[in-house]
J.: 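Quick one: structure below, then a few questions.
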Amino acid sequence: MSHRFSAVRNHKTLILRVSPRDIDQDKIRVAAEIIRNGGLVVFPTETVYGLGANALNPNAVKRIFIVKGRPIDNPLIVHVAKIEWLYRYVEYVPKEARILAEKFWPGPLTFVLKKKDMIPDVVTAGLDTVAIRMPSHNVALALISSANTPIAAPSANKSGRPSPTRVEHVIEDLDGEVDCIIDSGETLIGIESTVLDLTEDPPIILRPGYITKEMIEDALGKEVIYLSYSDRPKSPGMKYRHYAPRAKLYLVTGNESKIKQKIKELIHEFEGEKIAVVVTEENRDDYGVYTCVIGSRMNPLEIARNLFDTLRTLDKKGFTTIIFEGLEEKGLAYAIMNRLRKAATKIIEA
Ligand code: AMP
Ligand code: MG
């Protein structure tokens with residue numbers, strides 16, 4: 001299945017500014033009514049902005065795929081407002097799901113579990129499992145509660161583009177194509193949720209995120225495994241290129257001193273092109289050409305929060321080649337490197 005629905009751009013978008021610290025319930029009711037009527041609402045989560053529709057309305061969900069240009073074989077995450085809602089939409093809640101929901105919900109951890117029939121096939125791309133999570137962002141929770149229905153939502157970007165962490169990114173990609181955008185400022189974490197397949201034993205991390213392998217293992221008292229980059233995708237949608245800037249992106253991996261040496265060689269090789277080198281604070285003075293500091297190696301959360309904005313900003317500034325200084329793949333940096341590996345035109349092992 002590689003068919004995509006064709007795109008439309010024909011109506012105006014209502015933009016509602018809602019502060020997470022002082023939620024305007026009238027505005028939330030307006031957005032919730034749009035969801036209930038089968039419309040599309042972009043809303044903030046703690047990870048990235050989501051493009052939401054009523055998960056129980058197949059026609060509304062179909063519009064998500066049309067507007068994003070998302071391949072229909074890439075399933076969506078269903079967002080709920082309460083832990084108890086888990087029991088409404090999945091066949092069976094294993095012990096591991098109960099333990100992890102207790103510990104990490106609301107939060108950036110998604111479970112893949114056997115779905116009930118009431119979840120339409122378009123949401124799960126025909127799979128018999130559903131991805132489900134309870135976000136911790138106050139505005140997301142208020143919207144889902146007020147709509148009183150689960151909300152299916154992928155990231156609110158055009159398919160393949162970097163995920164949106166600020167409302168400007170959403171407007172760039174989707175203005176005029178969705179019914180409503182809720183603007184609540186910058187998102188906190190900046191990369192998408194961890195996706196954990198609990199239909200397998202040991203459980204499999206399908207997509208790494210802020211909730212790390214070690215955190216999950218500590219909570220469960222047993223080992224979980226990563227889906228390796230060479231494994232067959234668990235959901236067909238995982239095979240597509242993601243998060244990519246328009247510029248060519250070269251990701252340099254390996255140990256820090258070898259990375260620095262390799263990047264200097266690449267700068268020489270690409271002489272004459274409009275190059276940006278994305279570096280960590282610690283190495284900011286080491287390269288000489290245009291360097292863009294993404295954050296400190298001591299603070300991976302800062303790097304996660306800046307990641308997608310940096311890629312979009314470098315595109316806007318007209319850079320044609322981006323060289324990215326790789327990080328050691330542990331903890332949250334493992335998830336950051338996962339996004340970069342998928343976005344990269346080429347991965348260079350230094
Ligand atoms: P996003 O578009 O960022 O929300 O991505 C959702 C992620 O969850 C994608 O990587 C999907 O492939 C994955 N996903 C959603 N539903 C399932 C499922 N039922 N089984 C496996 N992966 C899923
Ligand atoms: Mg996405």
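No experiment lies behind these values; they were computed from the predicted model shown.
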J.: In terms of side-chain geometry, is the basic nitrogen of Glu91 or Lys116 positioned less than 4.0 Å from the acidic oxygen of its partner?
T.: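 Salt bridge: no.
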J.: Tell me whether the guanidinium CZ or amine NZ of Lys114 lies under 6.0 angstrom from the six-membered ring centre of Tyr92 and within 45° of its axis.
T.: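 Here Lys114 fails the 6.0 Å and 45° test against Tyr92.
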J.: Nearest 0.5 Å please: distance from the CG atom of Leu14 over to the CD1 atom of Ile181.
T.: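 These two atoms lie 9.0 Å from each other.
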J.: Can you find a pair of side-chain heavy atoms, one from Asn54 and one from Asn37, that are under 4.5 Å apart?
T.: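 No, every pair of side-chain atoms sits at 4.5 Å or beyond.
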J.: Just checking Lys95: does its NZ atom have more than 12 heavy atoms from other residues, nucleotides or ligands closer to it than 6.0 angstrom?
T.: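 It does not: Lys95 NZ has 12 such atoms or fewer within range.
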J.: Counting neighbours of CD on Glu281 that are heavy atoms of other residues, nucleotides or ligands and sit closer than 6.0 Å, is the number greater than 12?
T.: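 Atom CD in Glu281 is packed in, count exceeds 12.
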J.: Where the side chain of Thr310 meets the backbone of Asn306, is there a donor-acceptor pair that is under 3.5 Å apart?
T.: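 Such a contact is found between Thr310 side chain and Asn306 backbone.
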J.: Heavy atoms, side chains only, cut-off 4.5 Å: are Phe111 and Leu100 in contact?
T.: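 Counting from C-beta outward, Phe111 and Leu100 do come under 4.5 Å.
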J.: Between Thr45 (side chain) and His137 (backbone), is there a donor-acceptor pair under 3.5 Å?
T.: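 No; zero donor-acceptor contacts below 3.5 Å.
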J.: Hey, what do you get for CD1 (Ile35) to CD1 (Ile144), rounding to the nearest 0.5 Å?
T.: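 One gets 9.0 Å once the value is rounded to the nearest 0.5 Å.
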J.: Side-chain donor-acceptor pair under 3.5 Å between Thr165 and Thr187, yes or no?
T.: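 Note: Thr165 and Thr187 side chains miss the donor-acceptor criterion.
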J.: Is Asp179 salt-bridged to Arg63, going by a charged N under 4.0 Å from an acidic O?
T.: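 Yes.
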J.: Nearest 0.5 Å, what's the CG-CZ distance between Leu86 and Arg88?
T.: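 Between Leu86 CG and Arg88 CZ, I get 11.0 Å after rounding to 0.5 Å.
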J.: Within a strict 4.5 Å, meaning less than it, do heavy atoms of the Leu327 and Ile336 side chains meet?
T.: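 Side-chain contact under 4.5 Å: yes.
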J.: Between Arg98 and Val93, does the side-chain contact (heavy atoms from CB on, under 4.5 Å) criterion hold? Intermediate values first, please.
T.: CA-CA 7 Å; Arg98 289 201 303 272; Val93 179; 3.8 Å; yes
J.: Checking Lys222 now: which residues fulfil side-chain contact (heavy atoms from CB on, under 4.5 Å) with it, not counting sequence neighbours?
T.: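 Scan of Lys222 (side-chain contact (heavy atoms from CB on, under 4.5 Å), adjacent residues dropped) gives Glu96, Asp201, Pro203, Leu220.
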J.: Evaluate the side-chain proximity of Phe65 to Leu76: yes if any heavy-atom separation is below 4.5 Å, no if none is.
T.: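 Leu76 vs Phe65: side chains touch.
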J.: Where is the tightest heavy-atom contact between Ile64 and Gly52, given as atom of each residue plus distance?
T.: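 Between these two residues, the closest heavy atoms are CD1-C, 4.3 Å.
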J.: So do Asp197 and Leu227 actually touch side chain to side chain, heavy atoms under 4.5 Å?
T.: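 Counting from C-beta outward, Leu227 and Asp197 never come under 4.5 Å.
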J.: Verify the distance criterion only: is there a donor paired with an acceptor across the side chains of Ser146 and Asn148 at less than 3.5 Å?
T.: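 Looking only at side-chain atoms, Asn148 and Ser146 do not form any donor-acceptor pair under 3.5 Å.
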J.: Kindly give the heavy-atom pair with the smallest separation between Ser155 and Val48, and that separation in Å.
T.: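 Minimum heavy-atom contact is CB-CG2, 3.9 Å.
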J.: Under the salt bridge (Lys or Arg N to Asp or Glu O under 4.0 Å) definition, can you give me all pairs with a residue in residues 22-40, not counting sequence neighbours?
T.: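 For residues 22-40, and leaving out neighbouring residues, the salt bridge (Lys or Arg N to Asp or Glu O under 4.0 Å) pairs sorted by first residue read Asp26-Arg29.
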J.: Using the test side-chain contact (heavy atoms from CB on, under 4.5 Å), find all partners of Ala31 that sit at least two apart in sequence or belong to another chain.
T.: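 For Ala31 the side-chain contact (heavy atoms from CB on, under 4.5 Å) partners, ignoring immediate neighbours, are Leu16, Val41, Leu143, Cys180, Ile182.
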J.: Check whether any side-chain N or O of Thr13 sits under 3.5 Å from a backbone N or O of Val178 as a donor-acceptor pair, and report yes or no.
T.: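 Looks like yes, one N/O pair under 3.5 Å.
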J.: Between Lys115 and Asp128 (salt bridge meaning N to carboxylate O under 4.0 Å), is one present in this structure?
T.: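 Salt bridge between Lys115 and Asp128, a charged N being under 4.0 Å from a carboxylate O: no.
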J.: Working to the nearest 0.5 angstrom, can you tell me the gap between Asp183 CG and Ile171 CD1?
T.: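 Result: 7.0 Å between the selected atoms.
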J.: If a pair satisfies salt bridge (Lys or Arg N to Asp or Glu O under 4.0 Å) and one of its residues is in residues 252-262, list it, with sequence neighbours excluded.
T.: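 Those involving residues 252-262 are Glu256-Arg297, Lys260-Asp286, Lys262-Glu265.
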J.: Please list all pairs passing the side-chain hydrogen bond (donor to acceptor under 3.5 Å, both in side chains) test where one or both residues lie in residues 75-87, with sequence neighbours left out.
T.: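 Non-adjacent pairs meeting side-chain hydrogen bond (donor to acceptor under 3.5 Å, both in side chains): zero.
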J.: Does a side-chain heavy-atom distance below 4.5 Å link Ile348 with Leu251?
T.: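 No, too far: nothing below the 4.5 Å cut-off.
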J.: Between the side chain of Asn138 and the main-chain N/O of Pro20, is any donor-acceptor distance below 3.5 Å?
T.: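 Yes.
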J.: Which pairs count as salt bridge (Lys or Arg N to Asp or Glu O under 4.0 Å) when at least one residue sits in residues 47-58, sequence neighbours excluded?
T.: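 Every candidate salt bridge (Lys or Arg N to Asp or Glu O under 4.0 Å) pair involving residues 47-58 fails, so no pair, neighbours aside, qualifies.
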J.: Listed by chain and number, what are the side chain to side chain donor-acceptor pair (under 3.5 Å) partners of Glu329, not counting sequence neighbours?
T.: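 Scan of Glu329 (side chain to side chain donor-acceptor pair (under 3.5 Å), adjacent residues dropped) gives Arg341.
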J.: Can you tell if the side chain of Ile322 reaches within under 4.5 Å of the side chain of Tyr250, non-hydrogen atoms only?
T.: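 SC-SC contact between Ile322 and Tyr250 ruled out.
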J.: For Pro75, is there any backbone N or O sitting under 3.5 Å from a side-chain donor or acceptor partner on Thr124?
T.: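 Pair absent, no side-chain N/O of Thr124 close to backbone of Pro75.
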J.: Does anything in residues 324-344 form a ring pair (Phe, Tyr, Trp, His ring centres under 6.0 Å)? List the pairs, not counting sequence neighbours.
T.: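 Listed once each, the pairs are Tyr226-Tyr334.
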J.: Answer yes or no: is there an ion pair linking Lys213 with Glu217, defined by an N-O contact shorter than 4.0 Å?
T.: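 Yes, charged N to carboxylate O under 4.0 Å.
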J.: Using 0.5 Å steps for rounding, measure from the OG1 atom of Thr291 to the CG atom of Asp285.
T.: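 These two atoms lie 7.5 Å from each other.
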J.: Using modelled atom types only, decide if a donor and an acceptor are shared between the side chain of Arg70 and the backbone of Asn74 within a distance under 3.5 Å.
T.: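 Checking the backbone N and O of Asn74 against the side chain of Arg70, a donor-acceptor pair under 3.5 Å is found.
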J.: Do the side chains of Lys158 and Asp173 get close enough for a salt bridge, i.e. N-O under 4.0 angstrom?
T.: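 Answer for the salt bridge query: no.
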J.: Could you go through Tyr243 and Asn157, starting from their C-alpha distance and side-chain angles, then the distance that decides it, and tell me whether this counts as side-chain contact (heavy atoms from CB on, under 4.5 Å)?
T.: CA-CA 9 Å; Tyr243 324 113; Asn157 51 279; over 6 Å; no
J.: With salt bridge (Lys or Arg N to Asp or Glu O under 4.0 Å) as the criterion, how do Glu214 and Lys330 come out once you've worked through the C-alpha distance, each side chain's angles and the decisive distance to 0.1 Å?
T.: CA-CA 10 Å; Glu214 294 71 27; Lys330 58 169 201 213; over 6 Å; no
J.: Ser163 pairs by side chain to side chain donor-acceptor pair (under 3.5 Å) with which of His169, Glu192, His242?
T.: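 Among His169, Glu192, His242, the one meeting side chain to side chain donor-acceptor pair (under 3.5 Å) with Ser163 is Glu192.
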J.: By side-chain contact (heavy atoms from CB on, under 4.5 Å), which residues pair with Pro202, not counting sequence neighbours?
T.: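 Only Ile225 meet the side-chain contact (heavy atoms from CB on, under 4.5 Å) criterion with Pro202.
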J.: I'd like to know if Arg133 pairs up with Glu46 as an ion pair, taking the criterion as any Lys NZ or Arg NE/NH1/NH2 lying under 4.0 Å from an Asp or Glu carboxylate oxygen.
T.: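 Yes, Arg133 and Glu46 are salt-bridged.
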J.: Answer with yes or no whether the side chains of Ser296 and Glu302 bring together a donor and an acceptor at under 3.5 Å.
T.: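 No pair is found: no donor N or O on one side chain lies under 3.5 Å from an acceptor on the other.
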J.: Taking Val195's backbone N and O only, do any of them form a donor-acceptor pair with Arg207's side chain (distance below 3.5 Å, no angle check)?
T.: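 No; zero donor-acceptor contacts below 3.5 Å.
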J.: Does Glu271 CD have over 12 foreign heavy atoms under 6.0 Å away?
T.: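 Open.
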J.: Side chains of Ser19 and Ser184: closer than 4.5 Å at any heavy-atom pair?
T.: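 Result no, sub-4.5 Å side-chain heavy-atom pair not found.
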J.: Distance check, rounded to the nearest 0.5 Å: Arg339 atom CZ versus Ile191 atom CD1?
T.: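 Answer for the CZ-CD1 pair, Arg339 versus Ile191, is 4.5 Å.
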J.: Mind checking what makes side-chain contact (heavy atoms from CB on, under 4.5 Å) contact with Pro162, not counting sequence neighbours?
T.: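 Pro162 satisfies side-chain contact (heavy atoms from CB on, under 4.5 Å) with Phe308, Leu311, Arg312 once adjacent residues are dropped.
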J.: Taking salt bridge (Lys or Arg N to Asp or Glu O under 4.0 Å) as the definition, give me every residue that meets it alongside Arg161, ordered by chain and number, with sequence neighbours left out.
T.: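 Testing Arg161 for salt bridge (Lys or Arg N to Asp or Glu O under 4.0 Å), a comparison that skips the adjacent residues, returns Asp315.
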J.: Pairs in or reaching into residues 242-254: which pass salt bridge (Lys or Arg N to Asp or Glu O under 4.0 Å), with residues at least two apart or in two chains?
T.: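 As it turns out, the salt bridge (Lys or Arg N to Asp or Glu O under 4.0 Å) pairs with a partner in residues 242-254, which skip direct neighbours, are Lys248-Glu273.
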J.: Determine yes or no for a side-chain-to-main-chain donor-acceptor pair under 3.5 angstrom, with Thr321 supplying the side chain and Ile275 the backbone.
T.: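 Not at all, since once roles are kept as given, no pair shorter than 3.5 Å links the two residues.
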J.: For Tyr210, I'd like to know if atom OH has over 12 heavy atoms of other residues, nucleotides or ligands within 6.0 Å.
T.: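 Atom OH in Tyr210 is not crowded, with 12 or fewer foreign heavy atoms closer than 6.0 Å.
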